[in-house]
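To start, the structure itself, in structure tokens.
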Amino acid sequence: MAALADASHSHPSGLRWPVVSRATGVVLLLALAVGARVVSAQWVGDGAPVSVGPGNQEWPSAMAGPQGSFLAWSDLRSGNADVYALRLTPAGEPVVGWPAGGLPLRAGPGDQYPFGIADDGAGGALVVWVEEAGSLASMQAAPSVAARPAYPFGPGGVFVERVTPLGAPSAGWPTDGVRLSSPTRRAMSPILVPDGSGGAIVLWFDMDSLGHNAVAMAQRVGPDGTLRWADGGIRITDSTREQYPNAVSDGMGGVIVAWTDGTISISTETDLYYQAIDSTGARRWGASGRPLCTAPGSQFGTALASDGAGGAFAAWGDSRAYPNIERDIYAQHILATGDLAPGWPQQGAPVCVAPGQQGVGGVLTDGMGGCIVAWDDRRNLVDYDIYCQRLDASGVPYWTPNGVVVCTARYSQGTRAIASDGAGGAVIVWEDARRGTTEFGPRDIYAQRVSPTGVPQWTSDGVAVCTADGDQYGIALGGSGTAIVVAWTDERSGSGTDIYAQLLQGDGPVPVLASFVRSEYDGVRLKLTWHVGGTAVSEAAVERQGPDGAWIELGRVAIDGGGYLRWEDASVECGRTWRYRLRLGEEAVGETAVPLACPSLGLRVLGNPLTRAGAIPLRVQLLRGHGEGSLDMFDLAGRRLEHMVLPDDGSTAERSVAVCQSCRSGVYVIRLTQGPTVARALAVVAR
């Protein structure tokens with residue numbers, strides 16, 4: 001987003017230039033061999049310090065879940081840019097056993113820059129980075145700017161590492177990561193997608209050492225650190241004009257990929273294409289993929305999100321209104337079959353076609369067959385604001401035409417990130433210049449939560465996540481629901497950049513002694529978990545807010561040896577929001593709002609698409625105490641082919657079921673019904 005862009009802070013998409021302080025105009029390269037300061041703070045106002053040692057720490061990646069969060073960042077404490085990682089507890093404290101100041105994943109000659117971090121499915125994390133053969137220091141040693149080569153670092157590589165929950169490389173993985181790209185090629189901008197079995201598929205932009213002959217590549221690394229596809233990776237398309245690939249999991253060990261196709265220039269139009277690569281590295285939808293959008297003008301900047309059913313939602317910037325040179329936002333739904341969803345316009349559904357420039361920021365599924373999109377918006381022709389929109393299952397805008405206002409504070413807002421709030425809405429985080437004297441800052445971090453009906457839930461124009469001195473930028477967002485962690489690069493020290501992070505919950509940032517971890521609802525009981533730290537008390541009172549706003553004590557419960565407090569509430573009803581908090585002595589802490597959506601049935605088709613003979617394997621999950629369920633299978637003509645009764649055994653655990661022992665090739669609809677609640681899934685048979 002141009003208004004908040006700053007060349008000294010641009011992310012290292014292959015070629016990395018020094019970070020320059022605007023205040024001093026000197027390159028901040030502190031070649032100090034002193035380790036980063038040990039951090040032991042909880043979530044506090046303006047964020048918890050993650051890495052605040054000598055040298056610059058910047059450009060974090062984040063992931064979060066009920067058991068805490070993982071962060072990775074670029075760290076210049078040694079003089080070169082190295083990759084470090086750290087695991088935090090749900091309370092925002094470094095996990096005991098991790099090295100002070102973070103675990104070095106790759107620290108040595110050259111420069112390394114992390115580009116992503118993801119869950120490995122076993123409590124650990126996968127981290128991907130780009131490594132350059134040279135270094136910032138060696139580049140600075142050139143006798144003059146003119147003496148620096150156009151590509152000063154030579155061939156660079158893409159590496160990935162798997163880290164255990166205890167802060168060590170996973171068994172079988174080298175201590176400095178597994179190289180995925182060819183050592184004779186230059187690799188840039190990797191995208192990390194977990195494969196669901198402890199490994200990952202990584203995509204990147206690959207070119208020769210002079211920056212020519214660019215192609216998009218992919219490689220899969222197994223849970224043991226071995227490469228599963230051809231050395232140097234595989235091509236995602238036979239096209240020779242692909243640019244900027246993006247990818248998400250297809251839920252079956254493969255990925256769905258979208259890219260810009262065409263030469264990026266003022267005089268050349270670009271289109272969008274998509275492809276699926278399965279777990280073996282085979283292209284599922286043709287050698288060159290399928291067209292996602294080939295409308296007039298250019299399409300670019302594709303954001304992707306899984307639809308939860310083997311397909312994906314895509315959103316992009318679109319200049320089909322050319323020659324007005326306006327950039328609008330369009331979206332599309334790609335099904336697990338590779339087809340575009342019926343009802344959606346063939347060239348994409350319009351998300352925002354307001355005047356001025358719009359730049360897509362992110363997309364996520366709404367859990368009901370549609371998606372939510374957020375973007376930067378300059379419809380006022382002065383500065384950038386933040387808007388969002390929800391499209392229904394047919395691609396029709398569900399909220400205000402051209403989007404709901406997220407923030408229109410003075411000066412510019414941008415570089416936004418989006419996460420699910422776990423209740424059908426979204427949490428949006430952005431950089432904000434409202435506190436400055438110009439649209440260029442200084443920048444702070446703000447956030448807003450938008451409900452499934454498009455209503456902002458927090459303070460108008462967002463709540464402040466961090467308004468400390470100096471600039472805050474380079475947002476990374478991880479997690480969803482009540483476990484969303486936002487991390488950023490922070491200049492509050494005035495002498496370099498550090499990494500800070502904050503927890504976001506249902507009611508905003510959480511600078512408290514007790515942090516809410518998660519909620520689980522099985523249709524009967526609401527199970528709540530907090531993490532309590534920094535206090536000597538051994539028990540707490542659980543309070544719930546009544547209809548009149550008064551807080552009522554539900555009971556007292558002990559805090560276990562790990563600092564967790566757990567409570568079950570069986571007197572709740574779904575379809576409304578319940579507010580809880582803890583009372584530690586005289587202090588009320590850990591307040592949270594739990595939007596209690598009525599529970600849904602679980603229905604999954606395993607192994608879609610099915611290519612082997614045999615029945616269609618399913619995993620189903622009934623609601624406890626809601627009576628027996630029924631499972632039906634239909635063809636696309638609506639004919640019921642099978643019917644099965646599933647007893648209510650009092651459990652909410654998933655159960656294995658198989659239907660259609662010898663189905664012919666085709667697409668089938670599986671329907672699970674329990675009382676008034678219905679779940680549907682598509683089964684694709686290709687035998």
Side-chain angles (χ1 to χ4, degrees), residues 4-6 8-9 11 19-24 28 30 36-62 69 71 73-77 86 88 91-94 101-102 386 407 409-417 427-448 458-459 461-478 484-505 507-513 515 534:
L4 282 180
D6 183 339
S8 65
H9 293 155
H11 194 281
V19 175
V20 179
S21 166
R22 289 188 298 275
T24 62
L28 297 174
L30 304 181
R37 188 170 79 235
V38 180
V39 175
S40 59
Q42 290 183 300
W43 303 123
V44 293
D46 282 335
V50 175
S51 180
V52 293
N56 285 351
Q57 292 81 41
E58 55 187 347
W59 297 119
S61 297
S69 56
L71 302 173
W73 65 92
S74 178
D75 198 303
L76 276 140
R77 70 182 72 176
L86 184 64
L88 300 179
E93 300 169 320
I386 306 293
C407 180
R410 73 169 190 164
Y411 298 135
S412 280
Q413 291 78 41
T415 317
R416 60 273 155 253
V427 173
I428 302 164
V429 185
W430 64 91
E431 296 175 13
D432 197 300
R434 73 181 72 177
R435 187 170 57 94
T437 56
T438 73
E439 63 177 318
F440 298 103
R443 289 164 283 184
D444 298 316
I445 310 295
Y446 277 75
Q448 180 62 273
W458 299 340
T459 304
D461 284 334
V463 297
V465 176
C466 179
T467 57
D469 291 342
D471 266 338
Q472 286 80 42
Y473 58 91
I475 295 170
L477 202 60
I484 298 175
V485 168
V486 55
W488 62 90
T489 305
D490 197 297
E491 292 185 348
R492 73 182 68 181
S493 71
S495 60
T497 56
D498 301 310
I499 304 297
Y500 280 75
Q502 183 61 280
L503 178 68
L504 300 179
Q505 294 187 340
D507 51 358
V510 185
V512 295
L513 291 176
S515 60

Where [X] and [Y] come nearest, the two heavy atoms and their spacing:
X    : Y    : value
G436 : P442 : CA-CD, 3.6 Å
G470 : D444 : O-OD1, 4.5 Å
G474 : P60  : O-CD, 3.7 Å
A447 : V429 : CB-CG2, 4.0 Å
I475 : A417 : CG2-CB, 4.2 Å
G92  : A48  : O-CB, 4.4 Å

Taking side chain as C-beta onward, heavy atoms only, is [X] less than 4.5 Å from [Y]?
X    : Y    : result
V427 : W458 : yes
C466 : D490 : yes
Q57  : V50  : no
L88  : P94  : yes
R492 : D46  : yes
R434 : Y446 : yes

Separation between [atom1] of [X] and [atom2] of [Y], rounded to the nearest 0.5 Å:
X    : Y    : atom1 : atom2 : answer
D498 : S51  : CG    : OG    : 7.0 Å
L76  : T497 : CG    : OG1   : 7.5 Å
E491 : R443 : CD    : CZ    : 7.5 Å
Q472 : T489 : CD    : OG1   : 10.0 Å
L86  : L71  : CG    : CG    : 6.5 Å

Pair C407-D432, side-chain contact (heavy atoms from CB on, under 4.5 Å): steps then yes or no: CA-CA 9 Å; C407 180; D432 197 300; 3.8 Å; yes
Parallel, tilted or perpendicular: rings of Y473 and W59 (30°, 60°):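 W59 and Y473: perpendicular rings.
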Test side chain to side chain contact (heavy atoms under 4.5 Å, CB included) applied to V485 and L504, L503, L477, the passing residue: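 With V485 as partner, L504, L503, L477 yield a single side chain to side chain contact (heavy atoms under 4.5 Å, CB included), made by L503.
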Verdict with supporting geometry, I445 and Q502, side-chain contact (heavy atoms from CB on, under 4.5 Å): CA-CA 10 Å; I445 310 295; Q502 183 61 280; over 6 Å; no
Intermediate values then yes/no, side-chain contact (heavy atoms from CB on, under 4.5 Å), D471 and E431: CA-CA 9 Å; D471 266 338; E431 296 175 13; over 6 Å; no
